[in-house]
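Let me begin by presenting the structure, written as structure tokens, before commenting on it.
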2 protein chains.
Amino acid sequence: MERKRSYDDGCAFAQALDLVGERWALLVVRELMFGARRFSDLKRTLPGIATNVLSQRLAGLEDAGIVQQVDLPRPARGRAYALTPWGLAFREPLRVMGAWASRNPRLAFDHPLSAAAAMLSLGSMFDAGKARGLAVAVDMRFPEGEFRVVVREGELSVEAGACGTADATVTGDQNAVLAVLYGGAAPEDVGLGVEGDEAALGRLAGAFGAPVPLVR
Amino acid sequence: MERKRSYDDGCAFAQALDLVGERWALLVVRELMFGARRFSDLKRTLPGIATNVLSQRLAGLEDAGIVQQVDLPRPARGRAYALTPWGLAFREPLRVMGAWASRNPRLAFDHPLSAAAAMLSLGSMFDAGKARGLAVAVDMRFPEGEFRVVVREGELSVEAGACGTADATVTGDQNAVLAVLYGGAAPEDVGLGVEGDEAALGRLAGAFGAPVPLVR
DNA sequence: CCGAATCCTGTCCGATACTG
DNA sequence: CAGTATCGGACAGGATTCGG
């Protein structure tokens, strides 16, 4: 009675879809990519997910060895969900699929997105060629948390937690940051606060390429 | 009434899941990765898919601009389904997700897999470091079709269609080829016929690394 | 409050039968 | 050969309730 639905396919990719192919599963993984989150954090940053579905996905991902429950460290108390090393390794597929997705000819830009989604999109849109010779560090403070974005030696690094020694610090919401970095908007026009070297934000924007839709 | 279910998420990745996140959708894309296939070809190489589901997926993928209907060329007649340029660009996400999937600690090797799945897995398992200095071309003849696998200058190329000038030609089924390339099996032990330079197959096997499971 | 478990309803999936 | 029609069952979505 308890048989899980499976493709029964020897292809590793298909077997992965048995684990992460259910609705919402990969978005849960996405939200966990920058560290442990509580059930209610996930519920909040995944608008539209039902509590029972979130429960089932977390249980399934835990059973698959992609997610594990952890005791929340310092300030907060209680349990939370975090990725296992294998789950964390999904960051690369997420980046590559995001890069493919950004070439969607009908991509919609008007919907809100979570801070984790915005920070991961940086990896998908990063263009190492454009970043040649660039060195810049920007801290980003969102309602959901803080992130540090660093470009150095043609490589991009995006990690949770700011450290205060960046060239600039932006405060606001993630949609505003993407409007500045990808859309060339002025920070003040989108309600983004900038401290420090405001020009650093412009240099950072130069590291990202516009997606090239592949029309039929 | 006809609203398609959507995550309503600004994240490009989530929007891609709106298009290819339904059950079977990505496996259909996988099967089309080496050229146009008819409805009945897809039905046969995707054991377990229902005809109505295949219909719905093809229609959805066509509407999304990932698949297009084509008139079948020369020998055969009738219509078939092929990837658009954007759909073809999914080969890279497929490769990277396959590489991630191959590190599944519970990966099952005993299920059969389609020729397309087997040929795509080569890309996921290829190790450019191990292929340094290697130059080999092998034609593979499967019941489902012929493929040419070439390693040269540290790069792997897998394309549909053999051309007869390879170092070796193998004839049999795709599971047998993978058993030889990944599992070190002897061709004669798995029912694989080899013509030409049999040692070329051994050299080719050296270009693929065993997956490293990431245990928790 | 957090983290679920439990309804109930609607949609989607899977299997088979059937038609142009 | 290439799908459409149909129907039971599984799964998702939403609200409510319940235990730490």
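Lettering follows sequence order; numbering is per chain, from 1. Owing to the predicted nature of the structure, the values given are computational and were not obtained by experimental measurement.
Of the side-chain N and O atoms in R57(B), one or more sit less than 4.0 angstrom from OP1 or OP2 of dC13(C). In this model, the phosphate group of dG13(D) is approached by a side-chain N or O of W24(A) to a distance below 4.0 Å at OP1 or OP2. Taking side-chain N and O atoms only, S40(A) has a distance below 4.0 Å to OP1 or OP2 of dG3(C). The phosphate of dG13(D) (OP1 or OP2) has no side-chain N or O of Y7(B) nearer than 4.0 angstrom.
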Contact pattern, 5' to 3', of nucleotides 4-10 of chain D - B, S or - by protein heavy atom under 4.0 Å: BBB----

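Ionic pairing of D9(B) and R30(A) is present here: one or more N-O contacts between side-chain nitrogen and carboxylate oxygen are shorter than 4.0 angstrom.
In this structure, D41(A) atom CG and dC1(C) atom P are separated by 15 Å, rounded to whole Å.
R44(A) comes within 4.0 angstrom of no nucleic acid atom, judged by non-hydrogen atoms across all strands. Using a 4.0 Å heavy-atom distance criterion, G48(B) is classed as a sugar-phosphate-only contact.
Within the 6.0 Å centre-distance limit, the rings of W24(B) and Y7(A) are counted as a close aromatic pair.
Across dC13(C), dA2(D), dA15(C), the shortest atom-to-atom separation from the side chain of R38(B) is found for dA2(D).
For the side-chain hydrogen bond (donor to acceptor under 3.5 Å, both in side chains) condition, the pairs that include at least one residue of residues 108-120 of chain B, sequence neighbours left out, are E31(B)-S114(B).
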